[in-house]
Amino acid sequence: MLILMVHFPEIVHNGSMSFGDCTISMGKAMPLGATIHEDGVNFAIFSRHATLVTLVLFESAAGGPYREIPLDKRGNKTGDVWHCFVKGLKAGAYYLYRVDGPYLPERGLRFNPHKALLDPYAKALTTLDKWDMKKCAGFDSESPISDLSLSTEENLSSSPRCIVVDDNDFDWQGDAPLNYPLRFSVLYETHVKGLTANPNSEVKHPGTYLGVIEKIPYFKELGITSLEFLPIQEFYEHEFPRVNPRTGKLLTNYWGYSTMAFFAPKESYAANRSPGGQVNEFKLMVRELHKAGIEVILDIVLNHTAEGNELGPTFSFRGLDNPIYYILNENKRYYQNYSGCGNTVNCNHPVVRSFIMHCLHYWVVEMHVDGFRFDLGSILGRDQHGRLMESPPVLERIAEDPVLSSTKIIAEAWDAGGAYQVGWFPGGRWAEWNDRYRDNIRKYWRGDPRETRNLATRLSGSSDLYLRDGRKPFHSINFITSHDGFTLKDLVSYDHKHNNENGEDNRDGNDNNLSYNYGTEGPTKDPVLEGIRERQLKNFFATMLISLGTPMILGGDEMGRTQHGNNNAYCQDNEISWYDWSLLEKNKNLFRFAKEMIAFRLRHPGFMRPEFYTGREGNYNATPDISWYNEKGANPDWDRGGYNLALQVNGSQATVSRDKDTNDFYIMFNAGLSPIVFSIPPTTSPGHKRWFRAVDTSMSSPKDILPVGGEEALDLSYKYTVNARSIVILISKGAT
């Protein structure tokens, strides 16, 4: 066991000691983190196995420490929490910790007093631009026994610092989370920086939280209800040693799935460069989005941290209490790696459960966010040995927590360790990213045989997945594309991934994309081919927005954003990932279709019904809530394996009160290569209504989707020719 031996003023256990303008006293064990009081700051940090904890204060964001305060076991420790109160300290102060204890990797203990440690509860960090993560190695990398040897290299002066933040220093102007019900939501997944980093975004503050604010008019025009941001908790972009083989430039961690500080919004996403300015700028973004009626959902990465495996850096959890915070192997020198990123957070340890809940509470209570998407959520269901639990305490706690009762909680219901729990995710009210929806809809529109049965299941809310445990259609997050994989434009432009600029010889990324290039790999000037691709993009949008469930759009798909065939752009902080806003004009017809389809969905509760279809007659109409047909108007042969399907939706059964939506819908799908004449049954809506065409994706803009009041009446032949690879949506209306 190694202990850093330095000389400090002696602590008077029932009194105090003076450090210049500050006076140090015992403080309190709760709350954890750095908490501002009227006359100073209370510091509290957890470590069960440490022998000495030292609080280090800094005068500036750079340079060495000016005060090191050892916390005495007898006066500054309550249970496993080390604490002190620094009178006279204010918001904007900089701090870190040194923590001493045994360095015994075979027992899972990796304390190193030479390494600066971040407070896990830090609410802001100084810039990471010049941070050298290599200096954080707790072991001597030159030693033949590698991580078994202790590094004595100091890194206090070169480490990012924690910043004391005053959470009361912001005028929320009465704001509160919006918390729309899931079934009335349309999610839009986007990257804070990539949204406006491109110079053609024409914002004053590109790549920042303020840049998001500047795009609010765009979001309003598009009509989405909720932004789902890729990770914004502090992470280190420059952790990768690889270079782009085409440009020679270093690749970066662009997506941010490698968290360092879970309470801290990313500093480099802020235009405000004052100490802790990123906190107020994030709050400003949330407040202004809420004013515009737009929710904020955070993609949060609680399954692993940026400390990696036994050869990774030590900058926080590993140096505070490694066997508490991480799931270790039977040989505790090594880490269980269910995340695919080197380590796995020990989510169901009681201490870590509390940390997770404190973190979620902070983002909801202090930062006003509306929900979370949990990356590799199945890891939160593993016990301290890595086994999947039937009733994981942390998942149940999140689902039942009174503070979080109105927030959206969305799971990525799998992990890198083989867990796959889509439709089975434990914990009650959890929604899930439904990759079964993604795959089935891709296959259908690609023209795979025998997909009509799967199409019907996904259109009607995936009851095969969510009905069994009492969940509802809206618990299915329906998506066709996400940040991880092809964009929608690339899905119809490439048969194969093209990740050559990732520096991994195109080995990374998924090979099973269920995509189709329709004859030419990549861009084309062939107007016929471009027409097919545009029609398919409209088909994907229309399908998703009439499906029961909660739709999620990948940001930029509505304007035809491309990553040039890269389906794993995690390291591309450049034009590959950034939005190209010139596409908005180039693909204005696609944008118009997407926004009109969003509005169409939100106008009609029939597509947002809270319950699964039953196929039975309703109270107000002697017609089933849903009926299925083939092109001849007869019952479909589900085993035939055709490409055509029709359905009639009884809108009067969508809500309790029938006067809220009395429209019926008749929807026809044709994924085949030839036009099909569909027979259409008469409407069953009360009031002698007729069928009107609202959508036909085979038509050119603006005929492809017609505005309210502009729908075109069908003749009374009850026939309609649905062109190849297209959808037609009819709506029942009174004849005028």
Side-chain angles (χ1 to χ4, degrees), residues 414 420 422-423 433-465 476-482 484-498 509-522 524 528-529 531-549 551-552 554 557 565 567 628-632 635-647 667-676 678 697-698 722-729:
W414 54 83
Y420 183 81
V422 173
W433 270 26
N434 188 349
D435 66 329
R436 300 272 290 278
Y437 180 94
R438 175 198 66 196
D439 292 352
N440 289 150
I441 301 304
R442 287 186 180 192
K443 287 178 180 179
Y444 174 76
W445 284 116
R446 189 172 66 170
D448 289 17
R450 299 186 180 277
E451 284 295 323
T452 52
R453 181 190 297 275
N454 290 329
L455 172 69
T457 301
R458 303 302 159 224
L459 288 171
S460 52
S462 296
S463 60
D464 61 325
L465 300 175
S476 172
I477 304 299
N478 295 338
F479 70 103
I480 295 167
T481 54
S482 69
D484 190 0
F486 280 150
T487 65
L488 203 62
K489 178 69 173 179
D490 289 354
L491 187 67
V492 299
S493 303
Y494 294 91
D495 279 355
H496 309 287
K497 66 184 183 184
H498 296 267
N510 196 337
D511 292 310
N512 183 29
N513 296 288
L514 304 177
S515 60
Y516 188 28
N517 66 19
Y518 300 93
T520 298
E521 187 77 350
T524 181
V528 175
L529 180 52
I532 293 173
R533 289 176 176 178
E534 181 175 313
R535 184 183 302 186
Q536 291 290 59
L537 294 178
K538 293 190 292 185
N539 288 335
F540 282 125
F541 273 113
T543 303
M544 184 165 58
L545 289 163
I546 61 173
S547 298
L548 289 193
M552 185 188 79
L554 173 63
D557 277 352
N567 75 350
W628 300 96
Y629 301 95
N630 62 19
E631 68 273 18
K632 297 179 180 180
N635 291 330
D637 181 353
W638 296 108
D639 297 319
R640 187 184 65 174
Y643 302 101
N644 313 313
L645 185 68
L647 64 149
I667 306 169
M668 295 166 280
F669 289 81
N670 179 13
L673 303 181
S674 303
I676 296 291
F678 278 77
T697 60
S698 70
V722 180
N723 287 315
R725 296 184 176 121
S726 59
I727 299 173
V728 173
I729 303 175

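Small disclaimer: the values here were computed from a predicted structure and weren't measured. Note: hydrogens, waters and symmetry copies are ignored here, and every other heavy atom, side chains too, is used.
Going from atom CG of Leu491 over to atom CG of Asn513 covers 7.5 Å, rounded to the nearest 0.5 Å.
With a 4.5 Å cut-off on side-chain heavy atoms, Leu548 and Leu459 do not count as touching. Between Ile667 and Ile727, the closest side-chain pair of non-hydrogen atoms falls below 4.5 Å. The side-chain heavy atoms of Leu673 and Tyr643, taken from C-beta on, include no pair separated by under 4.5 Å. The shortest side-chain heavy-atom distance between Asn635 and Trp628 does not fall under the 4.5 Å cut-off. Counting only heavy atoms from C-beta outward, the side chains of Met544 and Ile441 never approach each other to under 4.5 Å. For the pair Val422 and Leu465, the minimum side-chain heavy-atom distance is below 4.5 Å.
Classification of the Trp433-Phe479 ring pair by plane angle, with boundaries at 30° and 60°, yields tilted. Ring geometry for Phe669 against Trp445 counts as tilted: the plane angle lies between 30° and 60°, on a 0 to 90° scale.
When only modelled atom types and interatomic distance are considered, Ser547 and Tyr437 share a side-chain donor-acceptor pair under 3.5 Å. Gln536 and Tyr516 share no side-chain donor-acceptor pair at under 3.5 Å. Side-chain contact annotation: Asp557 with Thr481, donor-acceptor N/O pair under 3.5 Å present. Side-chain polar atoms of Asp435 and Tyr420 form a donor-acceptor pair below 3.5 angstrom.
Residue pairs meeting the salt bridge (charged side-chain N to carboxylate O under 4.0 Å, His left out) criterion with at least one partner in residues 447-461, sequence neighbours excluded, are Arg446-Asp448, Arg453-Asp639, Arg458-Asp464. Applying the salt bridge (charged side-chain N to carboxylate O under 4.0 Å, His left out) test to every pair with at least one member in residues 484-493, sequence neighbours left out, gives these pairs: Lys489-Glu530.
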